Amino acid sequence: MAKRIGLFVCWCGSNIGGVIDVPKVVEITKNFPGVAYATDYKYMCSEPGQDTIIKAIKEHNLDRVVVASCTPRLHEPTFRKTIAKAGLNPYMFEMANIREQCTWVHSDDKEGATQKAIALIKRALAKVSRVEPLFESYIPVTKKALVIGGGIAGMQVAIDIADAGHQVILVEREPTIGGKMAMLDKTFPTLDCSA
Amino acid sequence: MVAAAQHPNIQLMTYSEVTEVNGYIGNFEVTIRQKPRYVDHKLCTGCGTCTEKCPTKVPSEYDLGIGNRKCIYINFPQAVPNKPVIDAENCRYFKTGKCGVCKKICPTGAVDFEQKEEFITEKVGAIVMATGFDLFNWEDAYGEYGYGRFKNVITGLHFERMSNASGLTGGKIIRPSDGKEPKSVVFIKCVGSRDEAKGKEYCSRACCMYTAKHAHQVIDKIEGSSAYVFYMDVRTPGKAYDEFYRRTVEEGAQYIRGRVSKIYESGDKLIVMGTDTLLGRPVTVEADLVVLATAMVPSEGSDKIAQLVSCPTDKDGFFAEAHPKLRPVETMTGGLFLAGACQGPRDIPDTVSQASGAAVKVVALLNNDQLATDPMISQIDEKMCSGCLVCKGVCPYKAISEKTITERIGGKPVERVVASVNTGLCQGCGNCTVACRAGAANLKGFTNQQVLAEVDTLCR
């Protein structure tokens with residue numbers, strides 16, 4: 001079955017749109033093999049931006065998606081959730097980083113940056129053509145925490161976790177807890193007692 | 001402290017160290033070593049008779065060597081737990097086989113010289129690092145302040161032990177050399193902090209405020225005293241912080257902007273030579289006591305514990321957070337969180353806030369009955385795997401083990417070894433896929449075929 005890729009190119013305001021010619025990039029890349037639909041939007045990660053993706057998936061029967069925008073470290077989880085909302089497997093997705101790896105570092109060469117953005121999108125299209133649905137597996141959780149260090153930080157963490165109803169083991173290497181804090185006299189700025 | 005010790009959900013293990021950590025998010029297995037206390041805390045009532053009668057005195061670590069403690073001891077009166085331990089290194093019984101006064105005198109028979117270390121194994125779902133800080137070893141670096149030769153040059157923590165009402169001097173600020181009350185006290189900030197040549201590049205964040213507090217305490221507690229503070233900058237970004245600093249200045253603390261270039265002894269005084277960069281001229285102050293605001297550094301041994309739990313560290317040895325702004329209490333290792341100064345220098349208010357933040361992350365994790373794992377992890381094609389296990393050696397997460405499979409070759413069952421990936425431990429780094437000569441290891445979501453297709457496209 002032919003792949004139906006949706007391509008969404010983000011302006012990120014002027015971060016991307018102020019450097020490369022986004023409409024031209026869409027004009028060229030929409031004709032690449034497998035691309036069934038391509039469009040651009042000011043902020044793809046915004047709610048209307050995400051709605052654009054969901055609507056396009058349904059209307060154009062898309063089965064995988066490429067978003068060309070920022071680093072996947074920032075918004076890959078966002079867009080995975082977006083396409084999952086439209087009924088796709090969240091891993092039928094690829095990002096092209098045309099901001100950090102393109103417009104931010106090539107702002108002095110607009111034409112070159114536009115060409116690079118097209119190349120990066122081409123790469124993402126090649127990848128997304130070969131992705132397969134992936135499924136999470138599940139592991140059990142032991143409902144107990146270990147806190148290493150019984151100073152002010154460790155005691156506070158332990159008390160808060162314990163108050164929430166979970167078991168905590170608080171390990172301290174010294175004979176007594178309190179750490180450096182217990183050694184102090186009054187503490188700033190309120191001058192209350194530390195111990 | 002008492003709240004932590006008495007909480008029904010908290011199992012407190014003092015005088016203990018974590019020695020081994022295995023497993024992964026939601027399913028860690030940890031080994032904890034209980035060091036021998038030589039006192040059975042179940043029997044001990046904390047009456048303190050043993051401490052009173054112990055004949056051997058050694059310098060107290062807790063009072064930073066200013067005072068002494070016994071060899072069966074409690075660090076401070078409000079200590080939790082308020083029961084003693086025996087320092088076997090210095091104890092007369094352990095050294096010579098004679099003495100045993102504490103054992104003879106203990107009314108409940110709690111002293112037990114035969115106690116051995118114990119190893120306890122526990123299963124936990126999350127680990128929080130809260131290993132704190134130590135002070136920068138200024139004696140090794142600052143020759144101009146006397147390399148620690150002058151008794152009356154102390155650190156801020158020494159000052160705390162003296163001004164602490166339950167400390168050695170009962171809250172009286174004295175000169176360590178002769179026990180006299182100092183009339184002129186000089187404070188020097190940024191000793192080891194913001195000093196790339198001799199110390200650390202970073203700001204230790206708490207020193208500006210505790211120095212202001214110390215100067216206030218000198219003026220408040222010692223009649224007719226003078227407090228001088230040599231500073232590079234005054235950094236007071238916190239609620240009610242700047243007001244506190246200004247109050248100290250209004251009380252009469254003299255802030256001098258500049259560094260101290262030399263300290264030397266003259267009679268029973270210390271002569272502090274520095275520069276006032278605002279006046280543009282050298283200044284000399286005669287002092288009875290000099291207090292150094294030394295930098296915070298990661299606590300001793302934190303490098304070892306970082307290795308145990310696979311916690312990355314930054315260039316200064318502090319534990320590294322997953323993201324400085326968006327994931328400040330998480331680490332790159334799933335299920336491992338950070339609280340307090342082990343992540344970087346900070347004061348008590350910030351530590352408490354961050355600790356509560358870390359607690360919420362732990363609670364959010366522990367509230368799940370099960371966890372979804374990232375499917376982008378390694379998989380082994382058993383048909384292609386030659387069983388060389390090169391992958392096992394390069395895996396930083398100990399996620400690969402050997403597995404014996406049975407194949408039918410020529411109609412006969414043949415057993416052979418292949419690599420097998422633990423889906424809970426694998427973090428999807430891809431090391432194994434690069435190392436695998438047979439091409440059997442493949443990272444889901446980054447398969448060799450997918451990556452090659454990308455490279456192909458870009459090269460065309």
Side-chain angles (χ1 to χ4, degrees), chain A residues 91 119 122-123 125-127 129-131 134-191 194-195, chain B residues 1 3-4 7 9-18 26-27 30 32 75 78-80 85 122-132 160-161 163-164 209 213 240-241 244 339-340 348 351-352 355-356 358-359 362-363 366 368 370-373 375 423-424 444-445 450 453-454 457-458:
Chain A
Y91 295 91
K122 239 188 197 172
R123 177 210 62 81
L125 292 168
K127 168 85 182 278
S129 308
R130 287 161 181 83
V131 296
L134 296 176
F135 300 94
E136 288 151 348
S137 59
Y138 291 88
I139 50 171
V141 177
T142 310
K143 292 186 179 263
K144 198 180 218 182
L146 169 73
V147 178
I148 307 176
I152 175 73
M155 290 190 298
Q156 186 69 47
V157 167
I159 291 171
D160 286 348
I161 298 170
D163 279 346
H166 294 295
Q167 298 291 313
V168 183
I169 305 168
L170 178 57
V171 173
E172 167 59 50
R173 65 179 168 187
E174 298 299 327
T176 53
I177 55 172
K180 293 278 189 298
M181 182 209 61
M183 298 168 83
L184 307 180
D185 181 25
K186 311 264 184 300
T187 53
F188 64 77
T190 44
L191 291 180
S194 69
Chain B
M1 293 188 291
H7 203 295
N9 286 345
I10 298 178
Q11 181 190 346
L12 182 60
M13 295 185 70
T14 55
Y15 221 34
S16 302
E17 284 175 358
V18 175
N27 301 275
V30 295
I32 302 160
N75 275 332
Q78 312 99 306
V80 176
V85 295
E122 289 275 357
K123 285 195 161 123
V124 294
I127 300 176
V128 184
M129 306 287 270
T131 54
E160 294 284 351
R161 289 314 295 151
S163 63
N164 189 316
M209 284 303 293
K213 186 199 71 173
Y241 281 20
F244 185 95
I348 293 174
T351 295
V352 172
S356 290
V362 171
V363 170
L366 297 188
N368 295 300
Q370 51 180 16
L371 285 178
T373 60
T423 54
K444 286 191 265 184
Q450 288 167 347
E454 291 173 76
T457 309
L458 284 173

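Note on naming: letters A, B, ... go to the chains in the order of the sequence lines (proteins, then strands), and numbering restarts at 1 for each one. Fair warning: this is a prediction, and the values are worked out from it, not measured in the lab.
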If you tally heavy-atom pairs under 4.5 Å between each of B:Asn368, B:Val124, B:Val18 and chain A, the highest tally belongs to B:Val124

Please give me the minimum heavy-atom distance between A:Ala162 and B:Ile10, naming the atom from each residue. CB-CG1, 3.6 Å

Looking at OG1 of A:Thr176 and CG of B:Asn75, how far apart are the two atoms once the value is rounded to the nearest 0.5 Å? 4.5 Å

Donor-acceptor check, side chain of A:Thr142 to backbone of B:Gly26, threshold 3.5 angstrom: yes or no? yes

In terms of heavy-atom pairs under 4.5 Å, which option from B:Gly132, B:Ala240, B:Gly340 contacts chain A the most? B:Ala240

When rounded to the nearest 0.5 Å, the distance separating NZ of B:Lys213 from CG of A:Leu184 is 6.0 Å

Per-residue contact mode, B:Val85 against chain A (heavy atom under 4.5 angstrom): side chain

Nearest 0.5 Å, what's the CZ-CE distance between A:Arg173 and B:Met13? 15.5 Å

Which bit of B:Val80 comes within less than 4.5 Å of chain A, counting heavy atoms only: side chain, backbone, both or neither? both

Which one, B:Glu17, B:Met129, B:Gln450, B:Lys444, leads in non-hydrogen pairs under 4.5 Å with chain A? B:Gln450

Backbone of A:Ile169 reached by a side-chain donor or acceptor of B:Gln11 within 3.5 Å: no

Shortest non-hydrogen contact from A:Ile177 toward B:Ala4: CD1-CB, 4.4 Å

Can you measure from CG (B:Leu12) to CE (A:Met155) and round to the nearest 0.5 angstrom? 10.0 Å

In Å, rounded to the nearest 0.5 Å, how long is the span from CD1 of A:Ile159 to OG of B:Ser356? 9.5 Å

Residue part contacting chain B, namely of A:Glu174, when any heavy atom lies under 4.5 Å: backbone

Between A:Leu191, A:Ile152, A:Leu125, A:Val131, who has the most heavy-atom pairs with chain B when the cutoff is under 4.5 Å? A:Leu191

In terms of heavy-atom pairs under 4.5 Å with chain B, which of A:Thr187, A:Ile139, A:Val171, A:Leu134 leads? A:Ile139

Note: A:Pro189 and B:Met209 closest approach over all heavy atoms is CB-CE, 4.3 Å

Tell me, for B:Tyr15 versus chain A, whether the close heavy atoms (under 4.5 Å) come from the side chain, the backbone, both or neither. both

With only heavy atoms counted, which part of B:Lys123 is less than 4.5 Å from chain A, the side chain, the backbone, both or neither? both

Can you tell me which portion of B:Ile32 sits under 4.5 Å from chain A's heavy atoms? Options are side chain, backbone, both or neither. side chain

Answer with side chain, backbone, both or neither: which region of B:Val363 has an atom nearer than 4.5 Å to a non-hydrogen atom of chain A? both

Flag the one option from A:Leu146, A:Ile161, A:Val168 with the top tally of heavy-atom pairs under 4.5 Å to chain B. A:Leu146

When only pairs under 4.5 Å are counted, which of B:Ala79, B:Gly445, B:Ala3, B:Ala355 shares the most heavy-atom pairs with chain A? B:Ala355

By a 4.5 Å heavy-atom criterion (distance strictly below it), what part of B:Ala358 contacts chain A: side chain, backbone, both, or neither? side chain

Measure across B:Ala359 and A:Asp160 and return the closest heavy-atom pair with its distance rounded to 0.1 Å. CB-CB, 3.4 Å

Over all heavy atoms of both residues, which pair between B:Ala339 and A:Ala153 is shortest? Give the atoms and the distance, please. O-CB, 3.6 Å

I'd like to check A:Phe135 versus B:Pro375 (side-chain heavy atoms, cut-off strictly below 4.5 Å). Are they in contact? no

Side chain of A:Arg123, backbone of B:Thr457: donor and acceptor closer than 3.5 Å? no

Looking only at heavy atoms and a cut-off of under 4.5 Å, which of A:Ala145, A:Gly151, A:Gly149, A:Gly154 has the most pairs with chain B? A:Ala145

If you count heavy-atom pairs under 4.5 Å between each of B:Ile127, B:Ile348, B:Thr351 and chain A, which one has the most? B:Ile127

Reported OG1-to-CD distance for the pair B:Thr373 and A:Glu136, which is rounded to 0.5 angstrom: 7.0 Å

Winner by heavy-atom pair count (cut-off under 4.5 Å) against chain B, out of A:Met183, A:Lys186, A:Gln156: A:Met183

